[in-house]
Number of protein chains: 2
Amino acid sequence: MRLKPEHHLAFFYARTGFLHNIKPIERQTLHLKIVDRLREMIEHGDIAPGAKLIEKDLCESFAVSRTPMREAIRALAAEGLVVLTPNRGACVATITEAQILESFLVIGALEGLAGELAAPRITEAQLDDVRSMHTSMLERHAANDLDGYYIYNRQIHDAIFEIADNELLKEMRRIVFNRTIRLRFIARIADDEWQVAIKEHEEMIVALEARDGPQLGAILRRHLESKRVQIARWLQRQPSA
Amino acid sequence: MRLKPEHHLAFFYARTGFLHNIKPIERQTLHLKIVDRLREMIEHGDIAPGAKLIEKDLCESFAVSRTPMREAIRALAAEGLVVLTPNRGACVATITEAQILESFLVIGALEGLAGELAAPRITEAQLDDVRSMHTSMLERHAANDLDGYYIYNRQIHDAIFEIADNELLKEMRRIVFNRTIRLRFIARIADDEWQVAIKEHEEMIVALEARDGPQLGAILRRHLESKRVQIARWLQRQPSA
DNA sequence: GAGCTTAATTTTGTATACATTATTCTGTAA
DNA sequence: TTACAGAATAATGTATACAAAATTAAGCTC
């Protein structure tokens with residue numbers, strides 16, 4: 001049966017257990033290092049959404065005591081990557097279909113602003129870089145290499161945020177991404193949607209060359225709206241669970 | 001001498017010290033309660049930007065041990081309200097003029113999206129509520145009551161985010177506000193700017209009545225841009241430090 | 001007194017111990 | 001078997017103890 005929007009995408013619920021092949025962590029400011037490692041593992045799906053984080057297991061896996069581990073978990077909870085329940089510990093945050101679609105609206109607003117700011121500021125050198133990424137992206141598309149395509153696609157969007165030169169804006173994007181990034185490891189684009197995305201990227205280059213902020217902002221908002229619709233369709237296609 | 005954009009608004013640097021008149025904290029899930037209290041104190045300016053958070057002092061003030069206090073500080077650091085330096089503890093985050101202006105750009109993007117989403121969704125009952133807040137706001141303006149004006153102004157903007165019905169969007173706004181809220185306790189609006197703000201609010205009501213999302217979004221982006229310019233002027237006017 | 005070196009103190013970072021709350025297991029009754 | 005009660009276990013929550021780093025103070029030279 002199909003998942004309702006209010007249902008979770010965490011299809012399985014796993015106890016953490018002892019995790020193998022974990023690099024040891026150097027002493028001092030442990031909690032920051034643990035935060036990075038746990039975030040990486042959560043984003044990469046090594047720890048499933050909804051999985052409970054058992055302090056003891058994680059401590060043994062990382063070979064640290066509970067003090068820095070708890071500090072790390074609290075920090076991740078403040079970021080929204082983990083959910084705390086009093087006296088019942090922490091779970092990896094789950095995300096509903098509705099929340100995924102919500103997040104694309106927010107990312108659209110952020111990318112739109114990034115575009116508005118970036119276009120008037122871009123230097124010739126930066127423009128060359130973006131053009132080069134764009135060319136590489138087209139090559140990956142021609143080779144039907146979706147993973148490669150995504151890498152360059154991501155580079156272009158990252159570059160726009162860099163050029164926009166607004167630290168808070170980048171930070172907000174990072175936070176939103178943190179909560180939806182797992183999806184990018186599974187969602188595949190359809191061919192016709194891919195064509196549209198390419199076309200929108202062409203328009204972005206034109207707007208950048210024209211240093212037209214409002215125009216680039218509008219294109220990016222439209223681009224993210226396309227992605228949102230694409231994800232919505234992909235979720236529709238998913239077979240159940 | 002004037003502060004350069006890269007200089008901090010934290011004009012004084014205070015050691016925490018024992019804080020008096022602190023309500024005791026009930027046991028269990030202490031760190032969450034401490035987070036709330038510390039956040040409140042930081043936002044209200046009871047602990048100055050740049051002030052170092054001495055664990056021992058804070059623990060004595062709140063009558064808790066270092067464990068939950070450290071967890072709380074780590075959580076606040078993840079929110080960006082506090083800055084950690086390895087082996088040197090935590091300071092209340094400072095904010096530069098440039099960062100303040102950056103934050104208004106981001107808030108503008110978020111409010112713009114909120115407007116786009118809210119206008120097509122608003123019910124007659126909700127519209128009546130907003131109209132009522134708007135009327136109250138106008139009254140406070142007529143009475144030259146700036147504090148009262150800000151309360152209703154805030155209510156209207158909150159209402160638009162509520163009607164937009166996007167949890168992540170609200171969360172992002174909360175995070176951005178957390179980092180700039182201290183400013184709202186000091187920045188005063190000039191009379192002509194006040195007039196402009198009122199006019200923009202009138203337009204917002206019209207767009208809401210027309211259920212015109214793009215229009216409301218545009219107005220809100222412009223409204224926040226006005227605020228940004230207003231804050232920039234206010235910062236210019238500040239006598240030095 | 002200024003500037004440096006070094007010891008004393010303070011503060012942060014980590015590990016462990018104890019208290020409290022959840023969860024699981026076991027045995028019994030229907 | 002199912003349902004429940006209560007004990008046993010395990011997990012989280014908090015406090016304290018110890019280690020390492022940073023800061024401050026003291027002493028010394030010039």
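Proteins get letters first, then strands, A, B, ... in listed order; numbering begins at 1 in each. The analysis underlying the following values was restricted to heavy atoms, covering all of them including side chains, and did not include hydrogens, waters or symmetry mates. Here the structure is a predicted model, which is why all the values come from computation and not from measurement.
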Q.
How many whole angstroms separate atom CG of A:Leu84 from atom P of D:dT12?
A. 11 Å
Q | Nearest-nucleotide comparison on DNA chain C, the residue closer to the 5′ end among A:Pro86 and A:His31 | A | A:His31
Q.
Using C1' atoms of five pairs at each end, report the bend of the helix from C:dG1-D:dC30 to C:dA30-D:dT1 rounded to 10 degrees.
A. 0°
(Q) So, OP1 or OP2 of D:dT23: does either fall under 4.0 Å of a side-chain N or O from B:Arg88? (A) yes
**Q.** Rounded distance in Å - CD1 (A:Ile54) to P (C:dT21)
**A.** 19 Å
Q.
For B:Gln126, is there any backbone N or O sitting under 3.5 Å from a side-chain donor or acceptor partner on B:Thr123?
A. yes
Q: Calculate the interatomic distance between B:Ile34 atom CD1 and D:dG13 atom P; express it in whole Å.
A: 13 Å
Q: Could you tell me whether A:Arg88 atom CZ has more than 12 heavy atoms of other residues or ligands within 6.0 Å of it?
A: no
Q: Just compare D:dG13, C:dA15, D:dA11 and give me whichever is closest to any side-chain atom of A:Asn87.
A: D:dG13
Q) Between the main-chain N or O of B:Gly108 and the side-chain N or O of B:Glu111, is there a donor-acceptor pair closer than 3.5 Å? A) no
Q) Between B:Leu30 and B:Phe62, is any pair of side-chain heavy atoms under 4.5 Å apart? A) no
Q) Starting at CG of B:Asp57 and ending at P of C:dT10, how long is that distance when rounded to a whole Å? A) 12 Å
Q) Side chain of B:Glu60, backbone of B:Asp57: donor and acceptor closer than 3.5 Å? A) no
(Q) Tell me the interatomic distance from A:Phe62, atom CZ, to C:dG13, atom P, rounded to whole angstroms. (A) 20 Å
Q.
From the set D:dT12, D:dT14, C:dG13, return the single nucleotide nearest to any side-chain atom of B:Glu55.
A. C:dG13
**Q.** Minimal non-hydrogen separation, B:Pro49 against B:Val92, with atom names
**A.** CA-CG1, 3.7 Å
Q.
From CG of B:Leu53 over to C1' of C:dT12, roughly how many Å is that when rounded to an integer?
A. 13 Å
Q) Looking at CD1 of B:Ile189 and CZ of B:Arg233, how far apart are the two atoms once the value is rounded to the nearest 0.5 Å? A) 10.0 Å
**Q.** A:Leu30 CG - D:dA20 P separation (whole Å)
**A.** 13 Å
Q: For DNA chain D, find the residues of residues 66-74 of chain B with a heavy-atom distance under 4.0 Å and give them by number; none if there aren't any.
A: B:Arg66, B:Thr67, B:Pro68
**Q.** Short side-chain to backbone donor-acceptor contact, B:Arg121 and B:Ile163, under 3.5 Å
**A.** yes
Q) Where the side chain of B:Thr29 meets the backbone of B:Leu32, is there a donor-acceptor pair that is under 3.5 Å apart? A) no
